Amino acid sequence: MSSPALLDLCIAGHWRPGSGEVYETCYPATGEAVAALRAATPADVDEAIEGAHRAWRASGWGSAKPHERAAVLHRVAGLIRRDAERLAQLQRQDNGKPIAETRALVASAAGTFQYMAAACETLEEAITPSRGPYLTMSVHEPMGVVAAITPWNSPIASEAQKLAPALAAGNAVVLKPAEVTPLLALELARLCDEAGLPKGLLSVLPGKGSVIGDAITRHPLVRRVAFTGGTATGRHIARIAADKMMPVSLELGGKSPTMVLEDADLDHAVAGVLYGIFSSSGESCIAGSRLFVARRIQREFVARLVEGARRLRLGDPADERTQMGPLITAAHRASIERHVQAALDDGGRLLCGGRRPAGGLYERGWFYEPTIVEGLDNRSRLAQEEVFGPVLLVLPFDDDEDLIAQANDSVYALAAGIWTRDFQRAWKLARAVQAGTVWINTYKLFSISTPFGGWRDSGLGREKGREGILQYMEQKSLYWGLNEQPLPWAR
Ligand code: NAD
């Protein structure tokens with residue numbers, strides 16, 4: 001098979017190859033090459049950031065009226081919708097997610113641009129209560145050049161989540177997608193060009209994180225980094241940011257508890273727990289990977305869960321009925337296999353999965369069966385370490401005190417789920433569990449209008465919501481003197 005043609009990157013208003021090594025990205029379902037590109041280099045990073053700074057100053061984007069910036073964002077939303085099917089198919093190849101899921105992610109990216117456009121043009125500044133003969137106001141200014149660094153698991157949605165508010169706030173953006181999934185970020189840049197975003201205001205720099213992401217974060221002209229990825233990388237970025245006195249937002253890893261109480265509607269809970277852990281093949285920061293189930297219903301619930309997991313349609317991402325596609329890379333599958341082996345070495349029992357499916361398409365792609373393990377406690381490695389794959393650990397609990405103590409016994413605190421018909425109990429548990437998002441009788445719902453982020457090792461700061469734009473702005477207070485006389489002190 002012939003190699004794909006070299007793709008251009010978007011650097012300081014020019015479409016051209018990067019200056020680094022050529023590399024190929026692969027379709028995880030077959031291992032075939034999808035795209036070839038030259039990675040960016042630190043010299044490309046300098047060019048992109050200096051170009052972004054120049055474009056930011058020359059274009060007047062930061063001082064444009066909010067409704068003018070909003071008009072461009074609305075056009076981007078429209079162009080994403082126009083190209084929705086093409087983008088969804090491209091993302092399927094870029095990342096191996098089932099087509100039904102990539103269609104939803106593309107739709108959510110369009111919604112994000114639309115929402116941030118609306119938020120941008122309706123954002124109000126405050127006149128704060130005066131405490132003397134003066135008027136006080138609080139206003140927000142764009143920062144200049146900001147960076148967005150994204151992971152491979154939900155391209156286009158993660159990129160839009162950073163790009164739309166950063167641009168709405170009046171900044172220039174340097175976007176660094178994951179090395180293995182660069183295609184949707186480059187497509188977004190093409191659509192931003194077409195929508196009339198000033199040239200040079202957005203650069204997209206695929207390449208190795210430890211080189212390109214690091215160079216972007218350290219660059220003195222970069223005034224903020226919005227990062228989504230692993231906790232170790234987030235810590236590294238936070239250290240650099242501390243030296244630069246630069247704000248960061250960090251959306252990091254998770255090991256989210258899902259709690260099924262004795263009185264839960266079991267049909268709903270089974271469907272919700274399966275969706276929570278196995279959709280996106282478990283490659284999701286919010287995957288509900290620790291299942292706490294009331295001991296009294298453990299046997300029945302787990303039997304139903306295992307039966308449901310065995311019925312999941314694992315296979316061709318192009319098939320609309322597919323529920324689980326392959327994992328992102330062979331190396332990632334190997335890391336999941338190591339986690340499962342460690343769990344078995346620790347005394348865990350496999351209830352289903354724990355292996356690669358065999359035959360046909362499965363032989364070529366990086367597939368792994370939905371896996372359920374029990375027989376370990378919450379201090380085990382499988383309960384404490386993020387697997388980022390389709391692996392669920394079952395943990396029984398006795399009462400609410402025991403449940404909350406176990407659920408909160410984790411370095412992560414990103415999300416949680418509660419399944420019960422008892423609203424008072426749900427309320428108490430939802431307030432007691434330490435997590436940035438809690439779903440009650442549902443799981444993995446997302447809305448751009450609702451803030452998202454984690455506590456502790458799951459992150460710093462919040463994205464989404466109207467306030468999301470303000471994260472990309474500096475706040476400024478204005479005092480207007482109203483004294484008719486000179487200040488009394490100097491009299
Ligand atoms: P990762 O941390 O390896 O990479 C994320 C991004 O950071 C990539 O673009 C990568 O190239 C870049 N990067 C790597 N090293 C860097 C460095 N030294 N300096 C700057 N940038 C660097 O994570 P991943 O493997 O791509 O993604 C999986 C992780 O992301 C999981 O831990 C998952 O939980 C997390 N995640 C979190 C959220 C959230 O919203 N909380 C969402 C999705 C994924």
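One-based numbering, in listed order, for ligands and for the atoms of each. The structure displayed is predicted, hence computed values, not measured ones.
For atom 19 (N) of ligand 1, the choice among Asp214, Val180, Thr231 with the nearest heavy atom turns out to be Asp214. Nearest to atom 20 (C) of ligand 1 by heavy-atom distance, out of Ala157, Gly253, Gly213, is Gly213. Nearest-residue assignment for atom 10 (C) of ligand 1 (options Gln161, Arg235, Lys176, Glu179; heavy-atom criterion): Lys176. The option from Glu463, Glu386, His332, Glu251 that lies nearest to atom 31 (C) of ligand 1, judged by heavy atoms, is Glu386.
A salt bridge is defined here as a Lys NZ or Arg NE, NH1 or NH2 lying under 4.0 Å from an Asp or Glu carboxylate O, and Arg462 with Glu251 fails to meet this definition. One finds a salt bridge joining Glu101 and Lys97 here, because a Lys/Arg side-chain nitrogen approaches an Asp/Glu carboxylate oxygen to under 4.0 Å.
For ligand 1, the atoms sitting less than 4.0 Å from at least one non-hydrogen atom of Thr228 are 5 (C), 36 (N), 37 (C), 38 (C), 39 (C), 40 (O), 42 (C), 43 (C), 44 (C), numbered in the order shown with element in parentheses. For ligand 1, the atoms sitting less than 4.0 Å from at least one non-hydrogen atom of Asn153 are 43 (C), 44 (C), numbered in the order shown with element in parentheses. Listed by number with element, the atoms of ligand 1 under 4.0 Å from a non-hydrogen atom of Pro177 are 9 (O). The distance from ligand 1 to the heavy atoms of Pro151 drops below 4.0 Å at these ligand atoms: 26 (O), 27 (O), 43 (C), 44 (C).
Here the heavy atom of the protein found nearest to atom 26 (O) of ligand 1 is Trp152 CD1, 3.1 Å. Of the protein's heavy atoms, Thr150 O, 2.7 Å lies nearest to atom 9 (O) of ligand 1. Taking atom 17 (C) of ligand 1 as the reference point, the nearest protein heavy-atom neighbour is Gly209 O, 3.4 Å. The protein non-hydrogen atom at the shortest distance from atom 39 (C) of ligand 1 is Cys285 SG, 3.2 Å. Among protein heavy atoms, atom 7 (O) of ligand 1 sits closest to Phe227 CE1, 3.2 Å. Atom 33 (C) of ligand 1 has as its closest protein heavy atom Phe388 CE1, 3.1 Å. With respect to atom 18 (N) of ligand 1, the closest heavy atom belonging to the protein is His236 CD2, 3.3 Å. Ranking the protein heavy atoms by distance from atom 37 (C) of ligand 1 puts Leu252 O, 3.0 Å first.
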Kindly indicate, with the supporting measurements, whether the criterion salt bridge (charged side-chain N to carboxylate O under 4.0 Å, His left out) is fulfilled by Lys255 and Glu386. CA-CA 6 Å; Lys255 195 77 205 181; Glu386 187 185 42; over 6 Å; no
Test salt bridge (charged side-chain N to carboxylate O under 4.0 Å, His left out) on Glu463 and Lys162 and set out the steps. CA-CA 8 Å; Glu463 292 191 326; Lys162 298 181 187 334; 2.7 Å; yes
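Within the 4.0 angstrom cut-off, atom 24 (P) of ligand 1 has one or more protein heavy-atom neighbours.
Here's the thing with Ile237: none of its N/O atoms is less than 3.5 angstrom from an N/O atom of ligand 1. Taking distance alone, with nitrogen or oxygen atoms compared against 3.5 Å, Thr233 approaches ligand 1 more closely than that limit.
Contact analysis leaves Gly459 out of contact with ligand 1, as no non-hydrogen atom separation drops below 4.0 angstrom. The closest approach between any non-hydrogen atom of Gly454 and ligand 1 is not below 4.0 Å. Contact between Ser284 and ligand 1 is absent, with no heavy atom of the residue lying under 4.0 Å from the ligand.
Met259 pairs in a side chain to side chain contact (heavy atoms under 4.5 Å, CB included) with only one of the listed residues (Val438, Leu403, Leu395), which is Leu403.
Listed here is the closest heavy atom pair of Asn378 and Arg290: OD1-NH1, 2.9 Å. Closest approach of Ala110 and Ile80 over heavy atoms only: CB-CG2, 3.9 Å.
For the 3.5 Å distance criterion, the side chains of Gln114 and Arg81 qualify, holding a donor opposite an acceptor. In this structure, a donor-acceptor pair under 3.5 Å is present between the side chains of Tyr27 and Arg92.
Checked against the 6.0 Å centroid criterion, the rings of Phe367 and Tyr362 qualify as a close aromatic pair.
No more than 12 heavy atoms of other residues, nucleotides or ligands shown are found within 6.0 angstrom of NZ on Lys208. The neighbour count for Trp15 CH2, taken as heavy atoms of other residues, nucleotides or ligands under 6.0 Å away, is above 12.
Listed for the Asn408 side chain is a donor-acceptor partner under 3.5 Å among the backbone atoms of Gln434.
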